[in-house]
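Structure first, then comments.
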Amino acid sequence: MDVLVDLNAGQREAVETIEGPVLILAGPGSGKTRVITHRVAYLIKTCGINPHRIMAVTFTNKAAREMTERLQVLVSRAVGNLTLGTFHAICARILRREGKAAGINPGFIIYDEDDQLELIKRALQTLNLDPKKFVPRAILSAISASKSRMLTPQDCALGSRSYFDEVVGRVYERYQQLLNESQALDFDDLLMRTVFLFRNYPDILAKYQERYIHVMVDEFQDTNLVQYELIKQIAGKYRNICVVGDPDQSIYSWRFADLRNILNFEKDFPDAKVVYLEQNYRSTQRILETASHLIKANQQRKYKELWTNNELGERTSLIETYTEQEEAQFVVQEIQRLVDAGEAKLGDCAVMYRTNAQSRVIEEAFVRYGVPYKLVAGTRFYERREIKDIISYLRLVQNPYDSVSLMRIVNVPGRGIGQHSLDELANWAASQSISQYQALQRLAGPDLESAHLPFSSRIAKTLGNFGSLLKELIAQSLEMNLVDFFDFLVTRSGYKDFILGEENGDERWDNVMELRTVAEGYRDLAPAEGLGSFLEGVALVSDVDDLKETVDKVTLITLHQAKGLEFGVVFIVGAEEGLLPHFRSMDDALQIEEERRLAYVGITRAKRKVYLVHAFRRNLMGRSTVNKASRFLGDIPANLISGGEVWQAAESTLGSDIAMAKPKAPEVPSQAPSPEVKSGDRVRHAQFGEGVVVSSVSRGDDSELVVAFSGAGVKKLLLSFAKLEKVN
DNA sequence: CGAAAGGCTCTTTTT
DNA sequence: GAGCCTTTCG
């Protein structure tokens with residue numbers, strides 16, 4: 001298969017320019033990932049580069065998997081020795097191999113956000129700081145920000161400008177100590193400590209620089225400083241570095257992604273070749289135009305002119321419903337209608353939302369109507385209590401110094417080890433300058449005389465029993481394959497009986513068994529290796545979806561997760577002020593622009609048809625709120641929009657109290673021979689300026705209008721008062 | 001020690 | 001509305 005066939009001029013240039021730095025600025029649907037994949041294939045197949053000497057970094061594990069599959073087709077063989085994965089996965093691998101030099105135990109555990117928060121809380125406690133005054137989340141975010149800029153606790157202490165900064169510095173230092181004691185690295189450490197390793201050990205860096213002749217990074221707009229630093233290090237020798245990104249799809253600034261990386265690239269590599277990919281192969285003209293108008297409202301952007309040869313397509317539908325339940329109902333029924341009419345298949349449709357919380361109501365509607373769907377669960381599965389418990393056991397077996405895991409399961413199932421006992425254990429361990437694990441082992445020892453212990457023999461005995469259990473588990477883990485050990489563990493620890501005795505025990509046990517299924521993928525590895533790989537996999541993987549890719553189901557997904565995907569029909573729900581843009585982003589112009597990019601990402605996922613849906617009223621945080629339509633709707637010209645109608649549930653489809661409690665719905669919404677203005681029209685208001693009529697509803701002999709103004713946001717107006725004039 | 005109940009806060013996005 | 005934390009009681 002010729003890897004250059006079917007590429008347009010720009011794509012071809014991007015693939016064939018293999019010498020020196022290359023910056024590819026690629027619009028949505030322009031074949032960005034395809035370019036990277038073909039570039040790798042080109043290097044291997046045409047240029048004869050050993051895959052071992054190529055690194056390709058993707059944003060998610062899923063993207064990495066897909067690229068592997070596509071590559072196999074292109075190169076017509078497996079390319080196993082290619083370095084392909086996320087920054088985190090690649091760094092973890094490097095640190096396991098080389099970290100010893102920097103004092104990193106190769107068996108380190110990777111701490112996720114929950115683990116991090118535990119440690120922060122513990123750090124606050126030991127520093128006598130009030131977690132109410134210093135919110136652990138905020139502290140963690142500040143620490144993470146520091147790490148993304150490669151700042152150590154010492155750097156923070158020096159640079160602190162406020163009391164909060166100063167506290168953060170102190171907590172950061174303590175937190176780092178706790179991580180070390182637990183022989184754990186957090187997500188940020190994986191990156192930062194790799195960079196430091198390379199900085200401090202030039203010979204190690206040289207080895208990797210020598211190895212990687214070609215380095216490629218996808219989704220470059222979402223990289224942060226430490227990630228950029230890392231690839232600059234690795235590509236330092238050959239300088240064959242190719243980055244691909246789209247500033248308009250940068251949606252991870254909250255994870256400290258920094259657009260300056262793209263801007264600085266041309267400064268850091270003045271000889272960089274810049275390639276623009278502006279032809280869109282995915283969407284209809286109207287969708288592309290809709291998206292372009294939306295994104296043009298952003299100030300902070302690098303201009304790009306997207307175009308397509310695709311057909312004109314349908315207008316984007318603007319729908320208002322009364323509540324979020326009706327919103328969900330509209331979506332399901334519309335999908336059913338599309339399917340019945342043969343216009344789409346279920347698997348062709350996606351429902352996108354800003355927050356995960358929104359998925360519940362949507363899900364309920366799909367269940368009620370019996371329409372198959374798949375929820376892209378994100379990390380959900382691995383956040384379940386029983387799953388975290390089992391993983392904690394496994395982590396503890398691999399690394400008994402992991403204090404977060406120890407604390408989590410030491411008394412699950414109940415072994416009579418309460419807070420008091422744990423305090424005693426911690427104190428005793430500290431007084432002996434040994435770890436809690438070592439302390440437990442001493443208590444488990446046969447020749448233990450309770451005389452020297454500062455606590456009761458009963459406590460010593462229960463703790464000792466647990467110590468023996470741990471010891472036994474560790475011993476067995478070295479003898480059995482992962483699956484056998486898994487079974488041994490859940491039985492021997494008493495976890496199985498414990499969980500089955502709980503409420504919803506069967507369901508939870510099913511989840512445990514699902515985890516076991518994951519473990520089966522590691523059955524054939526040597527015992528220690530199997531456990532290690534498994535734990536690394538679950539620590540760095542977030543997408544448990546795609547198990548049944550082929551099944552015909554509607555996809556429910558967050559806007560963030562949707563990046564990089566495409567669907568025939570896209571419903572964006574909750575297109576409301578407060579949700580999109582999210583209220584946490586509303587007081588900052590830059591954040592608003594990121595929210596707009598998020599909407600842009602959503603719209604550009606669609607091939608054929610977009611629905612923008614919002615609810616007049618919805619329950620948020622347990623409270624009923626009335627939300628205006630999203631200001632972003634005002635960025636879209638009227639001629640690209642159809643509808644703007646208020647959708648109404650057919651009678652008694654829900655039969656719920658909600659439907660009953662609904663005030664009398666307006667009789668004739670959109671088709672009403674509305675006096676002068678109808679939805680979709682462009683109007684001018686004396687005070688608010690120009691805008692688009694989002695909806696128009698008859699109220700007696702007046703009309704209630706919702707107008708999205710480009711300057712003033714979304715306003716509800718009465719036709720008789722508003723003195724609107726139509727614009728063309 | 002542990003279960004249960006009550007009270008509090010704060011809700012984004014993910015490797 | 002949930003999850004987390006603290007308090008209370010057996």
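In what follows, chains carry the letters A, B, and so on, assigned in the order in which the sequence lines appear, proteins first and then strands, with residues in each chain numbered from 1.
Comparing atom distances between the A:Thr558 side chain and each of B:dT14, B:dC10, B:dT15 picks out B:dT14 as nearest. When distances run from any side-chain atom of A:Arg584 to the nucleotides B:dT14, B:dT13, B:dT11, the shortest one goes to B:dT11. For A:Ser421, whose side chain is taken as the heavy atoms from C-beta onward, the closest listed nucleotide among B:dT14, C:dC5, B:dC1 is B:dC1. In this structure, the nucleotide among C:dG1, B:dT15, B:dT13 sitting nearest to the side chain of A:Arg354 is B:dT13. For A:Arg458, taking side-chain heavy atoms from C-beta onward, the closest of the listed nucleotides B:dC1, B:dT11, B:dT15 is B:dC1. Side-chain proximity of A:Thr86 to the nucleotides B:dT13, B:dT12, B:dT15 is greatest for B:dT15.
Both the sub-6.0 Å distance and the 45° axial angle are satisfied by A:Lys563 relative to the ring of A:Phe59.
A:Tyr252 comes within 4.0 angstrom of sugar-phosphate atoms only, judged by non-hydrogen atoms across all strands, and of no base. Using a 4.0 Å heavy-atom cutoff across all strands shown, A:Asn411 reaches sugar-phosphate atoms only and no base atom. Contact annotation for A:Phe87: no contact, since no heavy-atom pair falls under 4.0 Å across all strands.
Listed pair A:Gln561 / B:dT13 fails the phosphate criterion, with no side-chain N or O lying under 4.0 Å from OP1 or OP2. In terms of phosphate contacts, A:Asn356 brings no side-chain nitrogen or oxygen within less than 4.0 Å of OP1 or OP2 of B:dT12. Between A:Lys121 and the phosphate of C:dC5, there is a side-chain N or O to OP1/OP2 separation shorter than 4.0 Å. Considering only side-chain N and O atoms, A:Asn61 lies nowhere under 4.0 angstrom from the phosphate OP1 or OP2 of B:dT15.
For the residue pair A:Asn261 and A:Thr223, a side-chain donor N or O sits within less than 3.5 Å of a side-chain acceptor on the partner. One side chain, A:Ser403 or A:Arg122, offers a donor N or O that lies under 3.5 Å from an acceptor on the other.
Using Watson-Crick or G-U wobble geometry with both donor-acceptor distances under 3.5 Å, B:dT13 finds no partner in any strand shown.
By the criterion of a centre-to-centre distance under 5.5 Å and near-parallel planes under 30°, the ring of A:His88 forms no stack with the base of B:dT15.
Mapping A:Gly414 and A:Trp254 onto DNA chain B by nearest heavy atom places A:Gly414 closer to the 5' end of the strand.
In summary, A:Arg193 and A:Asp186 do not engage in a salt bridge, as defined by a charged side-chain N under 4.0 Å from a carboxylate O.
What separates CG of A:Leu620 from C1' of B:dC10 is a distance of 13 Å, to the nearest Å.
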CA sep, side-chain torsions, deciding dist, call: A:Glu594, A:Ser253, side-chain hydrogen bond (donor to acceptor under 3.5 Å, both in side chains): CA-CA 8 Å; A:Glu594 178 147 324; A:Ser253 70; 2.7 Å; yes
